[in-house]
Protein chains: 2
Amino acid sequence: MPNRKAATPISLVEVKTACSNCNLHELCLPMGLSHDEVEKLDELVANRRRLKRGEHLYRAGQPFDAIFAVRSGFFKTDVLLEDGREQVTGFQMTGELLGLDGISTEIHSCNAVALEDSEVCTIPFSHLEGLSREIQTLQHHFHKVMSREIVRDHGVMMLLGTMRAEERLAAFLLNLSQRFTARGYSPAEFYLRMTREEIGSYLGLKLETVSRAFSRFQEEGLIAVQQKHVRILNIPGLKQLMNHQQGRG
Amino acid sequence: MPNRKAATPISLVEVKTACSNCNLHELCLPMGLSHDEVEKLDELVANRRRLKRGEHLYRAGQPFDAIFAVRSGFFKTDVLLEDGREQVTGFQMTGELLGLDGISTEIHSCNAVALEDSEVCTIPFSHLEGLSREIQTLQHHFHKVMSREIVRDHGVMMLLGTMRAEERLAAFLLNLSQRFTARGYSPAEFYLRMTREEIGSYLGLKLETVSRAFSRFQEEGLIAVQQKHVRILNIPGLKQLMNHQQGRG
DNA sequence: CACGCACGTTGACTTGGATCAAAGAGGCTT
DNA sequence: AAGCCTCTTTGATCCAAGTCAACGTGCGTG
């Protein structure tokens with residue numbers, strides 16, 4: 001994916017890299033920590049890194065030594081098979097963590113790509129483990145985040161294993177809506193950062209099927225969609241679609 | 001699933017519950033710990049619990065307060081949708097951990113069921129976190145185990161999202177083979193503890209499709225299968241099947 | 001400001017796996 | 001040792017989603 005914008009000049013005044021003056025407390029790793037504890041975290045965040053659209057944050061096979069918190073922007077993670085097949089394993093937005101896959105073998109097992117110009121905080125993993133041994137709240141919160149990722153993955157398995165195309169897309173849209181809401185954006189109106197093909201890869205569908213499902217939802221008055229711009233008109237309708245349809249295998 | 005055997009009487013001599021005299025060091029949580037450290041772990045394992053075939057270790061919705069290490073036997077975990085659809089999210093064997101899903105919300109999000117008479121060690125989670133703050137090796141190993149689970153889940157997503165039926169079954173058999181090998185069993189011959197329907201649920205297929213794929217593998221001389229007894233005759237053949245087939249979506 | 005190119009939509013046709021149905025195989029239970 | 005019940009296999013048919021193809025659309029660059 002080529003970069004389409006001219007390089008944005010980096011501000012001459014270096015923004016202080018610190019959790020204590022970041023507005024993502026309630027979403028990110030410092031969630032639930034006391035003021036003093038968050039100040040300890042400040043030492044932890046080694047630096048920020050800006051990425052242009054299309055740039056890789058890390059690639060499968062690269063050595064792991066840090067996890068990343070999305071400060072702004074939007075990412076996808078994917079796994080590639082030798083024969084070229086791609087599985088998108090997730091889309092990450094503000095406040096979410098990237099790189100947990102690398103802890104296991106200390107080699108990243110997937111790719112992380114910015115889907116728009118983005119910024120991440122780099123958290124060296126050994127520092128995080130060190131501080132987790134000191135701050136119980138941080139330790140517990142980190143464990144919750146990893147566990148939440150496992151639970152999320154189970155949800156995706158359910159989606160891929162038992163749902164039909166339209167149910168999958170409905171689940172996907174409702175999930176995005178809910179995450180945008182948690183970040184203070186409209187639950188009903190957003191721009192998709194990913195292509196139909198990337199949505200399809202995540203949902204185990206071909207891009208044409210995704211496109212047709214969008215069109216169908218529009219015909220049925222559930223959403224209004226034009227290219228990447230989506231407006232959800234009938235949230236209960238989308239939810240209902242997931243409960244009452246017959247499964248497939 | 002009804003229990004088919006008479007209740008096995010519990011030995012009058014209570015087996016000492018202790019990691020230090022357990023032969024699963026190299027598979028289970030104590031992996032890589034020093035002798036002294038493993039002795040500290042001994043306090044951690046609150047007790048063992050025996051389960052009959054078909055019995056639930058925990059259910060979705062129940063409060064979480066401990067994780068479990070499989071000491072012997074075989075489990076499945078699954079998630080149920082309101083409309084009755086089931087997704088098997090994993091099969092767990094000796095040395096593997098159960099219950100990581102519950103850390104996130106302190107409520108279990110899936111069911112864990114014994115597929116044969118089994119025994120687990122109960123590890124109260126707050127104790128594990130406490131000891132992790134003292135023993136860096138334990139902390140790091142636990143993080144690796146959680147991360148490995150995430151990576152495994154990504155593999156299942158790849159399987160569900162991009163592979164055709166026969167590729168899925170081949171991947172499943174090769175995975176089992178490899179895990180049995182790591183436990184000192186034959187890589188080529190084993191009994192399946194789960195039904196065709198449970199395999200199907202895990203692989204996102206109907207039981208008939210699983211059965212037909214088994215039959216096809218047998219016709220092609222890749223395996224010999226009779227009901228739950230499987231003998232793998234051609235491991236490279238199964239591997240090849242996964243690389244050279246065209247994907248589906 | 002127009003051209004190119006990546007992305008998206010829609011139609012026609014094909015197909016892998018689901019569904020429906022019926023018969024065989026073990027292994028508990030009585 | 002008979003009978004039941006669950007699991008498995010196999011066949012016939014159907015359909016949701018894939019494939020192939022052609023045409024829109026809109027952004028970003030020259």
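Chain letters run A, B, ... following the sequence lines, proteins first and then strands; every chain starts at 1. For the numbers below, each heavy atom of this structure counts, side chains included, while hydrogens, waters and symmetry mates do not.
Between the CZ atom of Arg53(A) and the P atom of dT29(D) there is a distance of 10 Å, rounded to whole Å. In this structure, CZ of Arg216(B) is placed 18 Å from C1' of dT8(D), rounded to the nearest angstrom. Between the P atom of dT9(C) and the CZ atom of Phe217(A) lies a distance of 13 Å, rounded to the nearest Å. For the pair Phe214(B) CZ and dT8(D) P, the computed distance is 9 Å after rounding to whole Å. Gln218(B) places its CD atom 15 Å from the P atom of dT8(D), with the value rounded to the nearest Å. One interatomic measurement links the two molecules: CG of Leu241(A) to P of dA16(D), which rounds to 14 Å at whole-angstrom precision.
Minimum interatomic distance between Val70(B) and Met93(B) (heavy atoms only, all atoms of both residues): CB-O, 3.6 Å. The two residues Ser177(A) and Ile232(A) come nearest to each other via the heavy atoms CB-CD1, 4.0 Å.
Residues Glu197(B) and Arg212(B) both approach DNA chain D. Their nearest nucleotides, taken by heavy-atom distance, put Glu197(B) toward the 5′ side.
Within 4.0 Å of Ser215(A), counting heavy atoms only, lie sugar-phosphate atoms of the nucleic acid but no base atom. Among the heavy atoms of the strands lying under 4.0 Å from Gln226(A) are primed sugar atoms or P, OP1, OP2 only; no base atom is included.
Set against dG8(C), dA18(C), dA17(D), the side chain of Leu205(B) has dA18(C) as its closest nucleotide. For Thr195(A), taking side-chain heavy atoms from C-beta onward, the closest of the listed nucleotides dG8(C), dT8(D), dG17(C) is dG8(C). Nearest to the side-chain atoms of Thr209(B) among the listed nucleotides dG17(C), dG26(C), dA17(D) stands dG17(C). If you check dG16(C), dT9(D), dA17(D) against the side chain of Arg164(A), the one that comes closest is dA17(D).
Ion pairing between Glu96(B) and Arg183(B) holds under the 4.0 Å rule for side-chain N and carboxylate O. Salt bridge status for Asp117(A) with Arg53(A): absent, with no side-chain N to carboxylate O gap under 4.0 Å.
Remark: the Glu208(B) side chain and the dC20(C) base include a donor-acceptor N/O pair separated by less than 3.5 Å.
Taking five base pairs at each end of the helix from dC1(C)-dG30(D) to dT30(C)-dA1(D), the local helix axes there meet at an angle of 50°, rounded to 10°.
By the 6.0 Å and 45° rule, Arg196(A) stacks over the aromatic ring of Phe214(A).
At least one side-chain nitrogen or oxygen of Arg196(B) sits closer than 4.0 Å to the OP1 or OP2 atom of dT8(D). The side chain of Lys228(B) contributes no N or O atom lying less than 4.0 Å from OP1 or OP2 of dC7(D).
The aromatic rings of Phe68(A) and Tyr58(A) lie parallel to each other, their planes meeting at an angle below 30°, with 60° marking the opposite boundary.
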